[in-house]
**Q** 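There's a structure below that I have some questions on.
Every heavy atom of this structure was used, including side-chain atoms; hydrogens, water molecules and symmetry mates were not.
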Amino acid sequence: MRNKNELGNITLLGNQGTTYPDQYTPGLLETFENKHPDNDYFVRFNCPEFTSLCPITGQPDFAVIYISYVPNIKMVESKSLKLYLFSFRNHGDFHEDCVNIIMKDLIRLMEPKYIEVLGKFTPRGGIAIEPYCNHGMKDTTWEKVAFDRLLQYGLSKKDYI
C-alpha cells in the first residue's frame, strides 16, 4: 500500500463521502505523479455515460467520450475525472464545446505531451455529431503528431462505417 505522500493531493479516491456535483466543476480534477516520465506511453479513458445539455433546448445529450493522452509529469486520477465528467450533466454547451473544454481543462491540469478527446454523441434529429480535438506539446515531436493526426482524422473510410 502506498503512503499518502506518494499520492500527492488525491482526496477523492477511497473517500466514502463522495458527493456528485450539480454544476460544471473543473476544480474536481486531481493528479498524481507519473512514475515513468522518461517513457512515452498512452493512457486511454473510455467514458460511455457522458451527459450534457443542449444550450438552446435544454434537452439532454448523451455521448461516449474517449480521452487519450501521453503523460508528462502529472497524470489525472480516474475518480476525479469521473466526477468532473459528471459535472457536465447540467452544463449547457454544444458538443464541440464540451470536447474542447475537456481537453483544455486536462491540458491546464497536467500539461501532457499529447492529448486527444473524441465525443461520439448519440444522434438527435437524425444527426450524430462526433467532434475530435487534440494537442501536442509545443516544440516537441508530439506537436507534429497532433497536426498529422488532425489532418488524418475522419479521412479514413473506416471512420464512416
**Q** Using 0.5 Å steps for rounding, measure from the CG atom of Leu53 to the CZ atom of Arg89.
**A**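 Spacing of CG (Leu53) from CZ (Arg89) equals 9.0 Å.
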
**Q** Do Leu109 and Phe45 sit in the same hydrophobic cluster, where Ile, Leu, Val, Met, Phe, Trp and Tyr count as joined when their side-chain heavy atoms come under 4.5 Å apart?
**A** yes

**Q** Starting from the C-alpha separation in whole Å, work towards a yes-or-no answer on side-chain contact (heavy atoms from CB on, under 4.5 Å) for Ile67 and Leu81.
**A** CA-CA 10 Å; Ile67 301 167; Leu81 179 64; 4.1 Å; yes

**Q** Tell me if the centroids of the rings in Phe88 and Phe50 come within less than 6.0 Å of each other.
**A**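 For Phe88 and Phe50, the ring centres are under 6.0 Å apart.
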
**Q** Check whether any side-chain N or O of Thr140 sits under 3.5 Å from a backbone N or O of Trp142 as a donor-acceptor pair, and report yes or no.
**A**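 Yes; at least one donor-acceptor contact below 3.5 Å.
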
**Q** Which heavy-atom pair separates Tyr69 from Val76 by the least distance, and what is that distance?
**A**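 Heavy atoms only, the tightest pair is OH-N, 3.3 Å.
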
**Q** To the nearest 0.5 Å, how far apart are CD1 in Ile101 and SG in Cys133?
**A** 10.0 Å

**Q** If only atom types and distance count, is the side chain of Glu143 paired as donor or acceptor with the main-chain N or O of Asp139 below 3.5 Å?
**A**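 The answer is yes, because a donor-acceptor pair under 3.5 Å joins these two groups.
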
**Q** Hydrogens and angles aside, do Ser68 and Arg44 bring a side-chain donor and acceptor to less than 3.5 Å of each other?
**A**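 Note: Ser68 and Arg44 side chains meet the donor-acceptor criterion.
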
**Q** Using side-chain heavy atoms (C-beta onward) and a distance below 4.5 Å, is Pro71 in contact with Val43?
**A** yes

**Q** With heavy-atom distances below 4.5 Å as the criterion, would you say the side chains of His135 and Met103 are in contact?
**A**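 Yes - at least one pair of side-chain heavy atoms lies under 4.5 Å apart.
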
**Q** So, taking the atom named CG in Asp93 and the one named CG in Asn100, what distance separates them when rounded to the nearest 0.5 Å?
**A**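 Spacing of CG (Asp93) from CG (Asn100) equals 10.0 Å.
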
**Q** Taking all non-hydrogen atoms of both residues into account, name the closest pair between Asn134 and Leu150 and its distance.
**A** ND2-N, 3.7 Å

**Q** Could you tell me whether the side chain of Asn72 reaches within less than 4.5 Å of the side chain of Met137, counting heavy atoms only?
**A** yes

**Q** Going only through I, L, V, M, F, W and Y residues with side-chain contacts under 4.5 Å, is there a path from Ile102 to Phe62?
**A** no

**Q** Quick one: does Ile65's side chain get under 4.5 Å of Val99's, heavy atoms only?
**A**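 Answer yes - side chains close enough.
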
**Q** Do Asp61 and Phe94 have side chains that get closer than 4.5 Å, going by heavy atoms?
**A** no

**Q** Dump the intermediate steps for side-chain contact (heavy atoms from CB on, under 4.5 Å) on Lys74 and Phe32, then the final yes or no.
**A** CA-CA 6 Å; Lys74 297 178 187 175; Phe32 61 94; over 6 Å; no

**Q** For Ser87 versus Tyr84, what's the shortest heavy-atom pair and its separation?
**A** OG-O, 2.6 Å

**Q** Please name the pair of heavy atoms, one in Leu28 and one in Pro21, separated by the smallest distance, quoted to 0.1 Å.
**A** CD1-CG, 3.5 Å

**Q** What class does the angle between the rings of Tyr24 and His91 fall in, given that below 30° is parallel, 30 to 60° is tilted and above 60° is perpendicular?
**A**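 Judged by the thresholds at 30° and 60°, the geometry between Tyr24 and His91 is tilted.
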
**Q** Give the intermediate values and the outcome of side-chain hydrogen bond (donor to acceptor under 3.5 Å, both in side chains) for residues Glu116 and Tyr132.
**A** CA-CA 7 Å; Glu116 60 186 31; Tyr132 169 85; 2.7 Å; yes

**Q** With rounding to the nearest 0.5 angstrom, report the CD to CG distance, Glu111 to Leu106.
**A** 12.5 Å

**Q** Can you tell me how far apart SG (Cys47) and CZ (Phe86) are? Round to the nearest 0.5 Å.
**A**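 Between Cys47 SG and Phe86 CZ, I get 14.0 Å after rounding to 0.5 Å.
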
**Q** Following the transitive rule for hydrophobic clusters with a side-chain heavy-atom cut-off under 4.5 Å over Ile, Leu, Val, Met, Phe, Trp and Tyr, establish whether Leu118 and Val145 coincide in one cluster.
**A** yes

**Q** Could you check whether atom CZ of Phe147 has more than 12 heavy atoms from other residues, nucleotides or ligands sitting under 6.0 Å from it?
**A** no

**Q** Is the count of non-hydrogen atoms from other residues, nucleotides or ligands lying under 6.0 Å from Arg124 atom CZ greater than 12?
**A**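 More than 12 heavy atoms, drawn from other residues, nucleotides or ligands, come within 6.0 Å of this atom.
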
**Q** Taking all non-hydrogen atoms of both residues into account, name the closest pair between Pro26 and Asp105 and its distance.
**A** CB-OD2, 3.7 Å

**Q** Is Ile107 reachable from Leu29 through a run of I, L, V, M, F, W or Y residues, each pair having side-chain heavy atoms under 4.5 Å apart?
**A**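 They do share one cluster, since a chain of ILVMFWY contacts under 4.5 Å joins Leu29 to Ile107.
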
**Q** A side-chain contact here means heavy atoms from C-beta on lying under 4.5 Å apart; do Leu83 and Leu85 qualify?
**A** no

**Q** If you take all heavy atoms of Ala128 and Phe121, which pair is closest and at what distance?
**A**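 Closest approach of Ala128 to Phe121: CB-O, 3.8 Å.
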
**Q** Between OG1 of Thr51 and CD of Glu49, what distance do you get to the nearest 0.5 Å?
**A**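 Atom-to-atom, Thr51:OG1 and Glu49:CD are 9.0 Å apart.
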
**Q** Counting N and O atoms only, with roles assigned by atom type, does the side chain of Glu77 sit under 3.5 Å from a partner on the main chain of Lys79, one being a donor and the other an acceptor?
**A** yes

**Q** Quick one: does any side-chain atom of Lys113 pair with a main-chain N or O of Pro37 as donor and acceptor, under 3.5 Å?
**A**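 Judged by distance alone, yes, a pair lies under 3.5 Å.
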
**Q** Indicate whether any N or O donor in one side chain lies under 3.5 Å from an N or O acceptor in the other, for Asn34 and Tyr41.
**A**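 A donor-acceptor contact under 3.5 Å links the two side chains.
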
